[in-house]
Amino acid sequence: MARSTPPAMKRLLGRGLLTSQGDYHRQHKRMIAPAFHKEVVRQWNSTITTHCERLLDRWSEGDEVDIEYEMLRLTLAIVLKALVSAELEEGTDDMAGAANTLVEMTHCRTLPVIDDLLDKIALGRIRRFADARGRFDSIVYRMIRERRAADAPVNDLLSALLQIRDEETGRTALTDEEVRDETLTMLMAGHETTAHALTWTWYLLSQHPNAEQKLHAELDIVLRGRMPRIDDLEALPYNRMVFSEAMRLYPPVWIVARRNPNPWSLGSYTFPPGSFIFMSQYLMQRDARFFPDPERFDPERWTPDAMAQRPKYTYFPFGGGARQCIGEGFAWTIGLLVLAAIAQRWRLSLFPNQRIVLYPLITLRPKYGMRMIVELHSNPMT
Ligand code: HEM
């Protein structure tokens, strides 16, 4: 079964993990997987908390912020640093702009045929797209050149990609173009998804004061006003329960699509070759058979006992099988550390009259942003 991706995405990302298929995909996934090993992700702890600290210091009591924008910038800064050792400020804002153009232009994801047609007739769209790709390429190829020329090794994903050797095939390295495709894929796949998971988490907490208080109480006791570390996460189960429940109600990737090369049967249905087969996290994770009173935000659904009662794949924010998210461990680490780091100092309340409407692009966004007011959380333990 092949992943169905919008043509615009293929043109931008080339043959990265998201858009490649078959043996090529399998081989690349096997080669790249070690770069996301648990021990590698641990090393990104201070990158994550340093960027959180900068954000916390920038906010003041009573500030009005668009938390979607703040989370997008924060996760982009973290992912850029971990993947290519770049600081967001140095011209990489361009990259954020180009990423946004891509996401907005692939919004017909659920109707790939129409997307194809639109691409053919919409000249403005094609121009804007070529522009975004050009900006991406010049930044990433410059980084690859610099890295190949550098004497000292750098500890990031780009270096890991440049050093890959595949024992089975004897290949010594990925070409510059392959490295470019994989790097852009990680940037695109990594920052927007994680930012929206966090955006919806802040929204839900603002609407559920009991859960918010419980989260603050846990953070107060364990952290006592300091920044969290990866080693703290085990002692913060409620933090994880809140984030899990937010991704149940608002899965950043809300639908995945496949096409079958051969006739394929499921129960009494047979799908002719080339059918589009959709699986929606949003629908499945709101199914009352597995999540009673499904619209209710209830982090208690994530106690180990409650989780053990539910069949596999009733919850799949990171997909599953051969195409499962390679960045899942990284995403959990960013999400949980950012949530703990911000909530131990601030609480966020929804701006009055903020309209909340779902905007399902590649990721599930709030259509009108998410303006929130920043209030200091005073820790009774310090
Ligand atoms: C909360 C954050 C994230 C969510 C919800 C998420 C979700 C997903 C999902 C559902 C898929 C599978 C799509 C399908 O089956 O068609 C996927 C694939 C992928 N994700 Fe993530 N992701 C997140 C963060 C990340 C991060 C941080 C990275 C890397 C830095 C990343 C890189 C990828 C890549 C490369 C793939 C393609 C894997 C393959 O096809 O083999 N993701 N992601």
Side-chain angles (χ1 to χ4, degrees), residues 1-6 9-10 13-33 35-37 40-41 44 47-48 71-72 74-84 99 106 109-110 112 156-158 160-161 178 181-201 240 243-259 276-282 284-285 313 315-339 360 362-365:
M1 202 69 83
R3 171 178 291 144
S4 168
T5 35
M9 194 194 251
K10 278 189 207 143
L13 300 179
R15 292 172 89 197
L17 282 184
L18 266 178
T19 41
S20 59
Q21 309 283 359
D23 285 346
Y24 182 94
H25 167 265
R26 256 191 304 281
Q27 219 180 62
H28 276 229
K29 194 155 192 180
R30 199 179 57 235
M31 289 194 285
I32 296 170
F36 285 92
H37 190 271
V40 179
V41 171
W44 293 329
T47 297
I48 300 170
M71 293 299 106
L72 280 166
L74 177 65
T75 58
L76 182 62
I78 293 169
V79 170
L80 273 174
K81 186 80 183 168
L83 301 190
V84 294
T106 47
R109 183 191 163 100
T110 44
D156 61 14
L157 182 97
L158 184 59
L161 292 177
E178 287 171 332
D181 290 352
E182 298 299 357
T183 308
L184 283 192
T185 296
M186 302 300 171
L187 286 174
M188 290 297 305
H191 100 277
E192 236 243 325
T193 41
T194 317
H196 284 108
L198 283 160
T199 301
W200 291 113
T201 306
R240 178 178 286 271
F243 194 58
S244 305
E245 178 68 348
M247 284 197 289
R248 179 184 74 82
L249 282 170
Y250 297 101
V253 176
W254 58 280
I255 195 163
V256 291
R258 297 289 186 270
R259 292 187 86 172
F276 289 100
I277 298 164
F278 294 103
M279 293 153 282
S280 170
Q281 286 89 338
Y282 186 89
M284 179 57 87
Q285 294 172 188
Y313 293 129
Y315 179 75
F316 59 111
F318 295 94
R323 307 303 304 239
Q324 176 153 358
C325 178
I326 199 171
E328 175 168 356
F330 188 25
W332 277 105
T333 307
I334 301 177
L336 296 178
L337 283 178
V338 169
L339 184 55
I362 293 181
T363 48
L364 190 59
R365 295 174 165 197

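Both counts, for ligands and for their atoms, begin at 1 and track the order of listing.
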Would you say Leu17 has any N or O atom under 3.5 Å from an N or O of ligand 1, going by distance alone?
yes
Practice prompt. Indicate yes or no: at least one non-hydrogen side-chain atom of Leu17 is less than 4.5 angstrom from one of Glu182.
Written response: yes
Of Ala82, Pro317, Gly327, the one whose closest heavy atom lies nearest atom 5 (C) of ligand 1 is Pro317
Q | Side chain to side chain, Thr333 and Trp44, heavy atoms closer than 4.5 Å | A | no
A student checking ligand 1 against Val256 at a 4.0 Å heavy-atom cut-off should list atoms 13 (C), 14 (C), 15 (O), 16 (O)
If we number the atoms of ligand 1 from 1 as shown, the ones under 4.0 Å from a heavy atom of Ile326 are 34 (C), 35 (C)
Within less than 4.0 angstrom of ligand 1, does Met279 place any heavy atom? no
* Asked: Of all the heavy atoms in Val79, does at least one lie under 4.0 Å from an atom in ligand 1?
  -> no
- Query: When the ring planes of Tyr313 and Phe316 are compared, do they come out parallel, tilted or perpendicular, using 30° and 60° as the limits?
  - Reply: perpendicular
Just so I know, are the side chains of Trp332 and Arg240 near enough to count as touching, which here means a heavy-atom distance under 4.5 Å? yes
- Give the intermediate values and the outcome of side-chain contact (heavy atoms from CB on, under 4.5 Å) for residues Glu192 and Arg365. CA-CA 9 Å; Glu192 236 243 325; Arg365 295 174 165 197; 3.0 Å; yes
For Thr5 and Leu18 the tightest heavy-atom approach is CG2-O, 3.9 Å
Quick note on ligand 1: atoms under 4.0 Å from a heavy atom of His25 include exactly 39 (C), 40 (O), 41 (O)
Honestly, for Ala189 the part within reach of ligand 1 (heavy atoms, under 4.0 Å) is both
| query | So do the side chains of Ser244 and Tyr315 get within less than 4.5 Å of each other, counting heavy atoms only? | reply | yes
Inset, instruction - Could you check if a side-chain atom of Arg3 sits within less than 4.5 angstrom of a side-chain atom of Arg258, using non-hydrogen atoms only? - result: yes
For Gln281, the atoms of ligand 1 under 4.0 Å from one of its heavy atoms are 10 (C)
Atoms of ligand 1 under 4.0 Å from any heavy atom of Arg3, numbered from 1 in the order shown, are 12 (C), 13 (C), 14 (C), 15 (O), 16 (O), 37 (C), 39 (C), 40 (O)
Practice task
Check whether any side-chain heavy atom of Leu198 lies under 4.5 Å from a side-chain heavy atom of Phe243, and answer yes or no.
Solution key: yes
Counting from 1 in the order shown, the ligand 1 atoms closer than 4.0 Å to a non-hydrogen atom of Lys29 are 38 (C), 39 (C), 41 (O)
For Arg258, the ligand 1 atoms with a heavy-atom partner under 4.0 Å come out as 14 (C), 15 (O), 16 (O)
Gln324 heavy atoms within 4.0 Å reach ligand 1 at atoms 38 (C)
Out of Gly190, Cys325, Ala35, Gly320, the nearest non-hydrogen contact to atom 18 (C) of ligand 1 is supplied by Cys325
